[in-house]
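Single-structure report; data block below.
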Amino acid sequence: MQLVLQIIILAIVQGIAEFLPISSSGHLVVLGAMMGELSESATMEIILHAGTLGSILVIYWRRILDLLTRDRRVIGLMVVGTIPAVIVGLTIKESFEWLLRDPLLAGAMLIVTGVFLVILGRLRPRDGNYQQLSYLSAFLIGCFQAFAILPGVSRSGSTILGGRLFGLKGDDSVTFSFLLAIPAICGATVLAAKDIIKGEEVVSSLQYSTTQMLVGAVVAFLVGLVALKWLIGWSRLDRLHWFAYWCIPMGILVIIGSVKNLL
C-alpha cells in the first residue's frame with residue numbers, strides 16, 4: 001500500500017510539472033531525496049512518461065493528424081527541433097549523468113526557470129504560426145528544449161519562451177512546444193528502457209505489479225490532461241509568468257536544503 005501511495009505521488013507530480021512550467025525533473029529530484037530509489041527507477045520513468053505522453057496525444061490528436069495529412073512540413077521542423085536534445089541528452093547520459101540527480105543544480109535551475117517566465121511575461125504579443133517556422137528557428141527552439149534536460153529547467157517554459165522569441169503567437173508557441181515533447185518524451189522512454197535491458201535499472205530488486213504500473217500511468221495521464229488544459233488556458237490569458245512565484249522561492253528553498261545537507 002505504501003508503494004502504491006508513493007507511485008501515486010510521483011505520478012501526480014509528473015503529471016502537473018511535465019506540463020506546467022515548473023520543471024518535472026527539478027521536482028522529482030527533490031522527491032528523490034525523500035523517496036530515494038523509487039523516484040530514480042527507470043521502470044517508473046517509463047510508466048510516468050507513458051501517462052503524460054497519452055495526455056499530449058489526447059489533447060493534440062487533431063494537430064497530430066494534420067501532421068500526417070496537411071502539415072507534413074511540421075514533421076521536418078520537429079525532427080530539426082529535436083536534434084539539440086538528442087545531442088545534449090546522450091552526452092549527459094554517457095558522461096554527466098550525476099547532474100540529473102543533483103538537488104543543488106535543480107534548485108539553481110528552478111530559479112533560472114523563474115527568470116525565463118518573468119521574461120516571457122514581458123514579451124510583446126507575436127503573430128507567427130508554427131507551420132511557417134524556418135528550420136533555423138525550429139533548431140534554436142530545440143536548443144531551449146535541450147537546455148531543459150538539466151533538472152530544474154522547465155521544458156514547457158523554456159520552449160514556449162523560445163517559440164515566442166522567434167515570433168510565434170501564444171497558442172502556436174504552446175502547440176509547437178508540445179509537438180516537440182512527443183519525440184522528446186519517446187526518446188527519454190527509450191533511454192530508460194535501454195537501462196533496464198542493460199541491467200542498469202537503479203532499483204534492480206524492486207518489482208512492480210501490473211496494477212501498480214497501471215495506477216502510475218493512469219494517474220499521470222489524468223493529472224496531465226488537467227495540467228495541459230490549465231497551461232493552454234493560462235497561456236491564452238498571458239499568465240504563465242505567474243509560475244515564477246513558485247519556481248524562484250522553491251529554487252531558493254532547495255538550494256538552502258542542499259547546502260545544509262553538505263555542511
Side-chain angles (χ1 to χ4, degrees), residues 10-31 48-49 51-53 55-56 59-60 81-82 84-85 88 100 105-126 130 140-182 184-185 188 220 223-255:
L10 285 174
I12 290 173
V13 172
Q14 175 73 16
I16 292 174
E18 179 68 35
F19 298 121
L20 299 184
I22 58 175
S23 177
S24 61
S25 61
H27 284 74
L28 290 176
V29 165
V30 174
L31 277 180
L48 300 182
H49 279 156
T52 51
L53 179 60
S55 303
I56 297 174
I59 296 294
Y60 286 110
T82 302
V88 174
L100 303 178
L105 177 62
M109 291 300 103
L110 278 169
I111 295 175
V112 170
T113 292
V115 172
F116 277 4
L117 295 174
V118 171
I119 294 172
L120 180 63
R122 296 186 177 184
L123 290 179
R124 294 180 179 179
R126 310 297 173 96
Y130 69 89
L140 294 174
I141 294 172
C143 290
F144 279 82
Q145 177 167 260
F147 183 52
I149 290 173
L150 294 177
V153 180
S154 166
R155 196 210 64 82
S156 61
S158 59
T159 50
I160 290 171
L161 173 61
R164 291 284 301 277
L165 288 174
F166 290 101
L168 295 183
K169 58 187 177 184
D171 277 359
D172 280 55
S173 185
V174 171
T175 297
F176 190 66
S177 169
F178 288 105
L179 290 178
L180 279 182
I182 296 173
I185 292 175
V223 174
L225 282 179
V226 175
L228 185 48
K229 289 183 178 181
W230 182 3
L231 180 130
I232 293 170
W234 272 36
S235 174
R236 289 172 179 167
L237 296 172
D238 197 23
R239 291 179 179 174
L240 293 186
H241 60 284
W242 287 15
F243 288 105
Y245 295 109
W246 172 267
C247 291
I248 294 175
M250 173 64 78
I252 293 171
L253 289 175
V254 172
I255 289 173

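Between Leu48 and Ala220, the closest heavy-atom pair is O-CB, 3.9 Å. When all heavy atoms are compared, the tightest approach of Ser25 to Gly152 is OG-N, 3.3 Å. Here the closest heavy-atom approach between residue Val118 and residue Ala244 is recorded as CG2-CB, 3.9 Å. In terms of heavy-atom proximity, Pro21 sits nearest to Gly157 at CB-CA, 3.8 Å. Residues Gln145 and Thr159 share a closest heavy-atom pair of CB-CG2, 3.5 Å.
Every ring pair (Phe, Tyr, Trp, His ring centres under 6.0 Å) that Trp230 has, sequence neighbours left out, goes to Trp234, Phe243. Listed by chain and number, the residues in a ring pair (Phe, Tyr, Trp, His ring centres under 6.0 Å) with Phe176 amount to none (sequence neighbours excluded). Contacts of Ser24 classified as side chain to side chain contact (heavy atoms under 4.5 Å, CB included), with partners at least two apart in sequence or in another chain: Gln14, Ala17, Glu18.
For the pair Leu165 and Leu140, the minimum side-chain heavy-atom distance is 4.5 Å or more. You'll find the side chain of Leu231 reaches within 4.5 Å of the side chain of Ser156, heavy atoms only. A 4.5 Å side-chain heavy-atom check between Ile59 and Ile232 finds at least one atom pair inside the cut-off. Within the 4.5 Å cutoff, no side-chain heavy atoms of Thr113 are placed close to those of Ile22. The shortest distance between side-chain heavy atoms of Thr52 and Val223 does not fall below 4.5 Å. In this structure the side chain of Cys247 never reaches within 4.5 angstrom of the side chain of Ile111, judged on heavy atoms.
Leu123 contributes atom CG, which lies 6.0 Å from atom CG of Leu161 (distance to the nearest 0.5 angstrom). With values rounded to the nearest 0.5 angstrom, Thr82 atom OG1 is found 11.5 Å from Ile141 atom CD1. Interatomic distance, CE of Met109 versus CZ of Phe147, reported as 5.0 Å (0.5 Å rounding). Taken to the nearest 0.5 Å, the CD1 atom of Ile160 stands 10.5 Å off from the CG atom of Asp171. Considering CG of Asp172 and CG of Leu179, their distance stands at 10.0 Å, rounded to 0.5 Å.
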Q. Could you go step by step and tell me if Leu228 and Tyr60 meet the side-chain contact (heavy atoms from CB on, under 4.5 Å) rule?
A. CA-CA 10 Å; Leu228 185 48; Tyr60 286 110; 4.0 Å; yes
Q: Check step by step if side-chain contact (heavy atoms from CB on, under 4.5 Å) holds for Trp246 and Leu20.
A: CA-CA 11 Å; Trp246 172 267; Leu20 299 184; over 6 Å; no
Q | From CA spacing to verdict: side-chain contact (heavy atoms from CB on, under 4.5 Å), Ile56, Ile185 | A | CA-CA 10 Å; Ile56 297 174; Ile185 292 175; 3.8 Å; yes
Q) Between Arg126 and Leu168, does a side-chain contact (heavy atoms from CB on, under 4.5 Å) hold up when you go through it step by step? A) CA-CA 6 Å; Arg126 310 297 173 96; Leu168 295 183; 5.9 Å; no
Q: Start with the C-alpha gap between Ser23 and Ser154, add the side-chain angles, then the distance that decides, and say whether side chain to side chain donor-acceptor pair (under 3.5 Å) holds.
A: CA-CA 4 Å; Ser23 177; Ser154 166; over 6 Å; no
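Checking each of Leu28, Leu110, Val29 against Pro151 for a side chain to side chain contact (heavy atoms under 4.5 Å, CB included) leaves exactly one that passes, namely Val29.
Cation-pi geometry between Arg155 and Phe178 is met: under 6.0 angstrom from the ring centre, within 45 degrees of the axis.
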